[in-house]
Trainee: 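There's a structure below that I have some questions on.
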Amino acid sequence: MSSSAEAPAFDPWRPSFVADPYPAYAELRERGRAHWFEPSGQWLIPRHADVGALLRDRRLGRTYRHRFSHEEFGRTAPPPEHEPFHTLNDHGMLDLEPPDHTRLRRLVSKAFTPRTVEALVPTIRRLAEELVDSLVTAGGGDLIETVAEPLPVAVIAEMLGIPPADRPALRPWSADICGMYELSPGEDTARRAVRASVEFSAYLRELIEARRRAPGDDLISGLIAAYDEGDRLTEQEMISTCVLLLNAGHEATVNTTGNGWWALFRHPEQLALLRADPDALLPTAVDELLRYDTPLQLFERWVLEDIEVGGTAIPRGSEVALLFGSANRDPARFDRPDTLDLSRADNPHISFGAGIHYCLGAPLARLELIASFGALLRKAPGLRLVKEPERRANFVIRGLRELQVEL
């Protein structure tokens, strides 16, 4: 098996690496285009051009089960006790390949048309302003808990038709499920993910049944209607789709808000420029914050047919780890990649992916981020950091535990 030497700098379980992985990424990019990483049994792909190309390469897939059994692919089936998580995860469109992916995405995309998303703008702005007003009235607090988390959860819950009283359970379920997306998750993480999968699925099953009896103007009712009209959509696909929309619909927004404000506080000259003219600068600023400290650092794909990356043979049955965080700092694609430049116009970051699995909710996420950053800039112009934040121990989904601020 051809490979570059192993990468000692890449250590996703070391706190100092999690705090700042970008120097290690620079070393990886310098040393080559594909690196075998023994601890996770994956090929690390650090460069922007390769990450973008492999996201679009149909010789790779998010799953292999549409073409091979576990045995044929040289892989071991997950433990039976993890089955509730895998049933939930494997029936969402992010982990499906055509034709199932195409069918599900077509149905769900009706809720994310430009017209539908644009119609949400007044609601998103109102919610953002109400949350920021609460923060201002309190004189400060944890920006993650008071603004970053409630806004996207409220928006996606509103789209799905989840009653306000039920929403507090959504974020903990999501956090426990997303723990399984880290590299080599432990048994405790798996147990929490399984429990959350069972509880979340049971809740959605009841909600779907309630919507069958009394449809509303929401996405769950729309998916039920599509099913009744003959579009093939199983109840499990419906449940998995709702969970995916909630998880993907807020994780990136929450973590970009936290990572973004932390970056702005560390770059006061950029924050001053943004405060001086937020309306003009926010659209490019949001994309730059997504690039500069990427909320999803790594995206995995299975190699369905032999491929080659930079002269390195990667055989069928392998798994590649596409390093989004590294790709977004690649000097071969970005001018001054380690500089935060909120006016950066040429910014083809990969934070929302690419190819057929490109994030369906990217326009909605941008709207939420512009609304929350805009409301904070207007209503809390003197916002400042109380103490250096503590980063979550997770590597793949990169975010802060809290961000304490005052006015």
Trainee: Between H357 and F299 (judged by ring centroids, cut-off 6.0 Å), do the two rings come close enough to count as a pair?
Mentor: no
Trainee: Knowing that exactly one of R58, R103, R59, R105 qualifies, which makes a salt bridge (charged side-chain N to carboxylate O under 4.0 Å, His left out) with E97?
Mentor: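 The salt bridge (charged side-chain N to carboxylate O under 4.0 Å, His left out) with E97 is passed solely by R58 among R58, R103, R59, R105.
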Trainee: Using a 4.5 Å cut-off on heavy atoms from C-beta on, say whether the side chain of T339 contacts that of H267.
Mentor: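 H267 vs T339: side chains apart.
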Trainee: Checking side-chain contact (heavy atoms from CB on, under 4.5 Å) for the pair R398/N255: CA distance, chi angles, key distance, verdict?
Mentor: CA-CA 7 Å; R398 180 171 173 79; N255 294 317; over 6 Å; no
Trainee: When rounded to the nearest 0.5 angstrom, what distance separates CD in Q42 from OG in S184?
Mentor: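 Going from CD on Q42 over to OG on S184, the span is 7.5 Å.
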Trainee: Using a 3.5 Å distance criterion without hydrogens, assess whether the side chain of H349 forms a donor-acceptor pair with backbone atoms of L290.
Mentor: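 Side chain of H349 to backbone of L290, a donor-acceptor pair under 3.5 Å: no, none is there.
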Trainee: How about L407 and L383: do any of their side-chain heavy atoms sit closer than 4.5 Å?
Mentor: yes
Trainee: Show, in sequence, the C-alpha distance, side-chain angles and deciding distance for D330 and Y25, and conclude whether the side-chain contact (heavy atoms from CB on, under 4.5 Å) test is met.
Mentor: CA-CA 9 Å; D330 190 344; Y25 289 157; over 6 Å; no
Trainee: In Å and rounded to the nearest 0.5 Å, what is the CD1 to OG1 distance from I397 to T294?
Mentor: 13.5 Å
Trainee: Show me the pairs that pass ring-ring contact (aromatic ring centres under 6.0 Å, His included) and involve residues 108-138, at least two apart or across chains.
Mentor: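 Applying ring-ring contact (aromatic ring centres under 6.0 Å, His included) to every pair that reaches into residues 108-138, excluding sequence neighbours, yields nothing.
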Trainee: Cation over ring, R67 on F73, under 6.0 Å and within 45°?
Mentor: no
Trainee: Assess whether side-chain contact (heavy atoms from CB on, under 4.5 Å) is satisfied between I45 and L323, documenting all intermediate values.
Mentor: CA-CA 6 Å; I45 309 295; L323 299 178; 5.9 Å; no
Trainee: Quick one: does R301's side chain get under 4.5 Å of R62's, heavy atoms only?
Mentor: yes
Trainee: Write down the atom of A165, the atom of P168, and the distance for their closest heavy-atom approach.
Mentor: O-CD, 3.5 Å
Trainee: From the options L342, L377, D277, select the one residue that forms a side chain to side chain contact (heavy atoms under 4.5 Å, CB included) with L282.
Mentor: L377
Trainee: Quick one: do R65 and D100 make a salt bridge, cutoff under 4.0 Å?
Mentor: no
Trainee: Within a strict 4.5 Å, meaning less than it, do heavy atoms of the L55 and F324 side chains meet?
Mentor: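 Counting from C-beta outward, L55 and F324 do come under 4.5 Å.
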Trainee: Does this structure show an ion pair linking E118 with R115, if we count only N-O contacts that are shorter than 4.0 Å?
Mentor: no
Trainee: Using salt bridge (Lys or Arg N to Asp or Glu O under 4.0 Å) as the criterion, list what pairs up with R336, not counting sequence neighbours.
Mentor: D341
Trainee: When you look at D346 and R333, which way does the salt bridge (Lys or Arg N to Asp or Glu O under 4.0 Å) test go after all the steps?
Mentor: CA-CA 9 Å; D346 179 22; R333 185 58 191 85; 3.1 Å; yes
Trainee: Tell me, do I124 and L364 make a side-chain contact under 4.5 Å, heavy atoms counted?
Mentor: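 The answer is yes; the side chains approach within 4.5 Å.
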Trainee: Got a sec: does the CZ of R75 have more than 12 other heavy atoms crowding it under 6.0 Å?
Mentor: yes
Trainee: Indicate whether the side chain of N394 and that of Y181 have a donor and an acceptor atom separated by less than 3.5 Å.
Mentor: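 No, because no side-chain N or O of N394 sits under 3.5 Å from a partner of the opposite role on Y181.
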Trainee: Specify the closest pair of heavy atoms between I177 and S197, including all atoms of both residues, with the distance to one decimal.
Mentor: CG1-OG, 3.9 Å
Trainee: Hey, what's the ring geometry for Y203 with F200, parallel, tilted or perpendicular (30° and 60° as the breaks)?
Mentor: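 Rings of Y203 and F200: tilted, as their planes differ by 30° to 60°.
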Trainee: Hey, does the side chain of S326 reach the backbone of P46 with a donor-acceptor pair shorter than 3.5 angstrom?
Mentor: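 Indeed, once roles are kept as given, a pair shorter than 3.5 Å links the two residues.
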Trainee: Among all residues two or more places apart in sequence or in another chain, which pass the side chain to side chain donor-acceptor pair (under 3.5 Å) test with Y358?
Mentor: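 Residues passing side chain to side chain donor-acceptor pair (under 3.5 Å) with Y358: none at all.
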Trainee: Starting from the C-alpha separation in whole Å, work towards a yes-or-no answer on side chain to side chain donor-acceptor pair (under 3.5 Å) for D293 and Y22.
Mentor: CA-CA 9 Å; D293 204 7; Y22 297 105; 2.8 Å; yes
Trainee: Rounded to the nearest 0.5 Å, what separation is found between the CD1 atom of I224 and the CG atom of L219?
Mentor: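 Taking CD1 in I224 and CG in L219, the distance rounds to 10.0 Å.
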Trainee: Counting C-beta onward and ignoring hydrogens, is there a side-chain heavy-atom pair between L104 and L233 closer than 4.5 Å?
Mentor: yes
Trainee: Does any pair with a residue in residues 360-374 pass side-chain hydrogen bond (donor to acceptor under 3.5 Å, both in side chains), and if so which ones, sequence neighbours excluded?
Mentor: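 Qualifying pairs: T253-E368, D287-R366.
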Trainee: Can you see which heavy atom on V303 is nearest to which on I307, and at what distance?
Mentor: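 Nearest pair, atom of V303 first, then I307: CG1-CG1, 4.1 Å.
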Trainee: Just how far is it from atom CG of L289 to atom OG of S351, taken to the nearest 0.5 Å?
Mentor: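 Taking CG in L289 and OG in S351, the distance rounds to 10.5 Å.
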Trainee: Search all heavy atoms of L403 against all heavy atoms of W262 and return the closest pair with its distance.
Mentor: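 Closest approach of L403 to W262, heavy atoms only: CD2-N, 4.2 Å.
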Trainee: So do L369 and T257 actually touch side chain to side chain, heavy atoms under 4.5 Å?
Mentor: yes
Trainee: Are more than 12 heavy atoms from other residues, nucleotides or ligands located less than 6.0 Å from atom CD of E30?
Mentor: no
Trainee: Going by an N to O cut-off under 4.0 Å, is there a salt bridge joining E406 and R384?
Mentor: yes
Trainee: Scan residues 256-273 for pairs that pass salt bridge (Lys or Arg N to Asp or Glu O under 4.0 Å), counting only residues two or more places apart or in two chains.
Mentor: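 Matches after skipping sequence neighbours: none remain.
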Trainee: What's the spacing between L135 CG and L376 CG if we round to 0.5 Å?
Mentor: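 The CG atom of L135 sits 6.5 Å away from the CG atom of L376.
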Trainee: Any donor-acceptor pair under 3.5 Å linking the side-chain atoms of S174 with those of N247?
Mentor: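 S174 and N247 do have a side-chain donor-acceptor pair below 3.5 Å.
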Trainee: With a 4.5 Å heavy-atom cut-off, do Y292 and Q270 have their side chains touching?
Mentor: no
Trainee: Which residues pass the salt bridge (Lys or Arg N to Asp or Glu O under 4.0 Å) test with R205, sequence neighbours left out?
Mentor: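 Salt bridge (Lys or Arg N to Asp or Glu O under 4.0 Å) list for R205, sorted by chain: E235.
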Trainee: Please list all pairs meeting ring-ring contact (aromatic ring centres under 6.0 Å, His included) that have one or both residues in residues 375-407, counting only residues at least two apart or in different chains.
Mentor: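 Every pair satisfying ring-ring contact (aromatic ring centres under 6.0 Å, His included) with a residue in residues 375-407: F10-F395, F17-F395.
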Trainee: I need the R291 CZ to F334 CZ distance, nearest 0.5 Å.
Mentor: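 These two atoms lie 6.0 Å from each other.
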Trainee: What residues, two or more places apart in sequence or in another chain, satisfy side chain to side chain donor-acceptor pair (under 3.5 Å) together with E129?
Mentor: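 For E129 the side chain to side chain donor-acceptor pair (under 3.5 Å) partners, ignoring immediate neighbours, are R378.
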Trainee: Please collect all ring-ring contact (aromatic ring centres under 6.0 Å, His included) contacts where either partner lies in residues 77-97, sequence neighbours excluded, each pair once.
Mentor: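 Checked against ring-ring contact (aromatic ring centres under 6.0 Å, His included) - neighbours excluded - no pair reaches residues 77-97.
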Trainee: Applying salt bridge (Lys or Arg N to Asp or Glu O under 4.0 Å), which residue pairs with at least one partner in residues 312-329 are found, sequence neighbours left out?
Mentor: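 Non-adjacent pairs meeting salt bridge (Lys or Arg N to Asp or Glu O under 4.0 Å): R329-D338.
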Trainee: For R33 and E308, run salt bridge (Lys or Arg N to Asp or Glu O under 4.0 Å): C-alpha distance rounded to whole Å, both residues' side-chain angles, the deciding distance at 0.1 Å, then the answer.
Mentor: CA-CA 10 Å; R33 292 168 56 185; E308 189 177 291; over 6 Å; no
Trainee: Does any pair with a residue in residues 142-156 pass salt bridge (Lys or Arg N to Asp or Glu O under 4.0 Å), and if so which ones, sequence neighbours excluded?
Mentor: E149-R171
Trainee: Just jot down the salt bridge (Lys or Arg N to Asp or Glu O under 4.0 Å) partners of R29, sequence neighbours excluded, or say none.
Mentor: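 By the salt bridge (Lys or Arg N to Asp or Glu O under 4.0 Å) rule, R29 matches no residue at all.
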Trainee: Step by step, work out the side-chain contact (heavy atoms from CB on, under 4.5 Å) result for M93 and L360.
Mentor: CA-CA 10 Å; M93 63 184 169; L360 196 59; 3.6 Å; yes
